[in-house]
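Structure, as structure tokens:
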Amino acid sequence: MPELPEVESARSVIERSALGRRIVDVDDSDTYECRPHAPGEIRAALLGRRLTAAHRRGKSIWCETSGVGRSRTPGPALGVHLGMSGRVLVTQRDQTDEGGDYVGTGRSGQSAQSRHNPTWDRFTLTFADGDTLRLFDKRRLGRVRLDPDIDALGPDAGEITPAEFRDRVGRGTAPLKARLLDQATLAGVGNLLADEVLWQAHLDPRRPAGELDADELAGLRRELRKAIRHAIRHGGVHTGEIIDYRTRGAHCPRCGTAMTRATVGGRTTWWCPKEQR
DNA sequence: ACACGTGTTATGCG
DNA sequence: TCGCATAACACGTG
């Protein structure tokens with residue numbers, strides 16, 4: 001579920017409610033979520049430190065950490081990736097969770113029991129005042145790691161300049177949608193956001209990316225920024241206009257043409273075959 | 001019961 | 001080595 005907008009709200013929760021307090025316990029026993037670290041490795045690296053800042057590029061979050069005790073030497077960065085189903089929850093002593101409840105699964109929302117089921121807590125930091133920061137992740141494709149390689153990612157999709165966008169996205173023979181999904185090209189676009197933006201920009205997801213002209217690339221970037229802002233404001237990529245029409249029997253809400261479904265760039269893709277060229 | 005999947009990454013091929 | 005396609009990963013959901 002999480003794409004750039006949802007990840008930004010998770011980052012914001014950490015910044016607002018998890019910085020500055022001493023870490024007194026770390027549960028890093030989920031070896032899959034914490035790959036490639038051995039159990040206890042992250043724990044040993046973080047005990048006694050504090051989170052001092054929360055950053056994001058695309059779908060990746062990383063937190064700076066303080067020195068231990070009075071040491072000025074900062075600790076390793078704590079990288080958090082939500083994968084397909086991860087949520088960051090900061091639980092206060094009064095048991096209320098902050099974060100993780102972004103609107104926009106659009107469907108059922110989460111039940112009270114799934115919200116508190118510890119089975120899906122894959123990583124937990126406990127602070128000196130008793131609060132906890134947890135990575136709650138049913139599908140277990142999220143990831144926590146020390147010093148993640150952020151430079152392997154392209155520029156953030158919400159901040160990329162027009163020139164960078166033209167040079168990085170508008171090249172190659174891969175389908176346009178595959179280019180948008182490539183996190184090394186541009187960080188933060190997932191499957192749903194890609195379909196939304198391509199529909200808004202009237203572009204065929206199968207077009208070789210290098211064939212787009214300057215106007216088309218400028219329009220695509222404009223729609224991308226618009227869609228990201230809209231999703232952050234309204235609670236996630238599920239609030240996009242075309243998302244509900246990514247289903248069998250649906251018709252384009254602008255022109256009424258039956259929506260087409262195919263695999264493009266390795267992912268299920270829906271588009272309007274009449275308007276998207 | 002079974003196919004599907006909103007993310008990343010390893011592998012293989014030309 | 002590069003660009004691209006595909007499979008694999010884990011496991012809940014419809």
Side-chain angles (χ1 to χ4, degrees), chain A residues 1-10 30-36 56-62 79-88 100 102-111 113-115 117 119-123 135-145 148-150 152-154 157 167-199 205-211 227-228 231-232 234-240 242-248 261-270:
Chain A
M1 300 173 195
E3 295 195 34
L4 188 159
E6 290 85 350
V7 176
E8 173 54 25
S9 74
D30 188 312
T31 54
Y32 193 76
E33 205 86 355
C34 297
R35 66 193 181 283
R56 178 190 61 75
R57 188 193 290 187
K59 306 173 199 174
S60 292
I61 292 172
W62 71 99
V80 178
H81 197 293
L82 302 179
M84 278 171 61
S85 62
R87 298 156 181 259
V88 167
Y102 48 77
V103 187
T105 56
R107 322 284 186 265
S108 54
Q110 54 179 174
S111 69
Q113 55 181 187
S114 80
R115 179 157 44 235
N117 187 335
T119 305
W120 295 307
D121 286 345
R122 310 295 185 179
F123 179 81
L135 175 56
F136 176 92
D137 182 10
K138 289 185 178 179
R139 302 280 290 284
R140 218 181 180 202
L141 286 173
R143 191 162 189 181
V144 176
R145 63 178 312 172
D149 183 11
I150 298 301
L153 298 170
D167 293 346
R168 301 181 72 96
V169 177
R171 54 179 294 278
T173 58
L176 177 56
K177 179 169 175 179
R179 174 80 47 208
L180 287 175
L181 291 175
D182 179 0
Q183 304 299 302
T185 296
L186 176 73
V189 179
N191 198 30
L192 289 187
L193 187 57
D195 278 6
E196 171 73 18
V197 165
L198 290 167
W199 179 77
R206 302 166 300 178
R207 285 268 297 279
E211 287 184 7
I228 290 170
I232 288 177
H234 292 86
V237 294
H238 290 269
T239 61
I242 201 59
I243 305 308
D244 287 345
Y245 300 89
R246 299 173 78 262
T247 180
R248 201 171 60 80
R261 180 202 143 123
T263 297
V264 179
R267 320 280 354 168
T268 296
T269 302
W270 291 87

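Chain letters run A, B, ... following the sequence lines, proteins first and then strands; every chain starts at 1.
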Sorted by chain and number, sequence neighbours left out, side-chain hydrogen bond (donor to acceptor under 3.5 Å, both in side chains) with A:Arg140 holds for A:Asp30

For A:Arg207, the side-chain hydrogen bond (donor to acceptor under 3.5 Å, both in side chains) test, sequence neighbours excluded, returns A:Glu216

Here the distance between atom P of B:dG7 and atom CG of A:Asp195, to the nearest Å, is 10 Å

Could you give the distance separating B:dA1 and C:dC9 at their C1' atoms, to the nearest angstrom? 22 Å

Separation of B:dG7 atom C1' from A:Leu193 atom CG, nearest Å, is 13 Å

In short, A:Glu3 meets A:Gly190 closest at the heavy-atom pair OE1-N, 2.7 Å

Expected string for nucleotides 1-6 of chain C under the B/S/- scheme (protein heavy atoms, under 4.0 Å, primed atoms plus P, OP1, OP2 as sugar-phosphate) is --SSS-

When rounded to whole Å, the CG to P distance for the pair A:Leu186 and B:dG7 reads 13 Å

Interatomic distance, CZ@A:Arg145 vs OG@A:Ser60, rounded to 0.5 Å, equals 10.0 Å

Hits for side chain to side chain contact (heavy atoms under 4.5 Å, CB included) against A:Arg206, two or more places apart or cross-chain, chain-then-number order -> A:Asp204, A:Val264, A:Trp271

Self-check item: Phosphate contact (C:dC11 OP1 or OP2) by A:Trp120 side-chain N/O below 4.0 Å
Solution: no

In whole angstroms, the gap separating P of C:dC9 from OH of A:Tyr32 amounts to 8 Å

Contacts of A:Thr268 meeting side chain to side chain contact (heavy atoms under 4.5 Å, CB included) (sequence neighbours excluded), chain-then-number -> A:Arg261, A:Trp270

The side chain to side chain contact (heavy atoms under 4.5 Å, CB included) partners of A:Ala157 (sequence neighbours excluded) come to A:Leu4, A:Leu186, A:Val189, A:Leu224, A:Ile228

Separation of B:dG7 atom C1' from A:Leu135 atom CG, nearest Å, is 13 Å

Sorted by chain and residue number, the side-chain hydrogen bond (donor to acceptor under 3.5 Å, both in side chains) partners of A:Glu33 (sequence neighbours excluded) come out as none

Tightest non-hydrogen contact, residues A:Gly265 and A:Leu181, listed as O-CD1, 4.5 Å

A:Lys177 meets the side-chain hydrogen bond (donor to acceptor under 3.5 Å, both in side chains) criterion, sequence neighbours left out, with A:Asn191, A:Asp195, A:Thr269

CD of A:Glu196 to CD1 of A:Ile243, rounded to nearest 0.5 Å, is 5.0 Å

Stems for DNA chain B (at least 3 consecutive Watson-Crick or G-U pairs, under 3.5 Å) come to B:2-5 with C:11-14, B:7-14 with C:2-9

Per-nucleotide protein contact along nucleotides 8-14 of chain B, 5' to 3', at a 4.0 Å heavy-atom cut-off (B base, S sugar-phosphate only, - neither), is BS-----

Here the distance between atom P of C:dA10 and atom CG of A:Leu82, to the nearest Å, is 19 Å

Using atom P in both nucleotides, what's the gap between C:dA10 and B:dT11 to the nearest angstrom?
15 Å

When every non-hydrogen atom of A:Val7 is compared with those of A:Gly58, the smallest separation belongs to CG1-O, 4.1 Å

Open item on the list: Just N and O in the side chain of A:Lys138: are any of them under 4.0 Å from OP1 or OP2 of C:dA10?
Closed with: no

Between CZ of A:Arg122 and P of C:dC11 the distance, given in whole Å, is 6 Å

Rounded to whole Å, CZ of A:Arg140 lies from C1' of B:dG7 at a distance of 16 Å

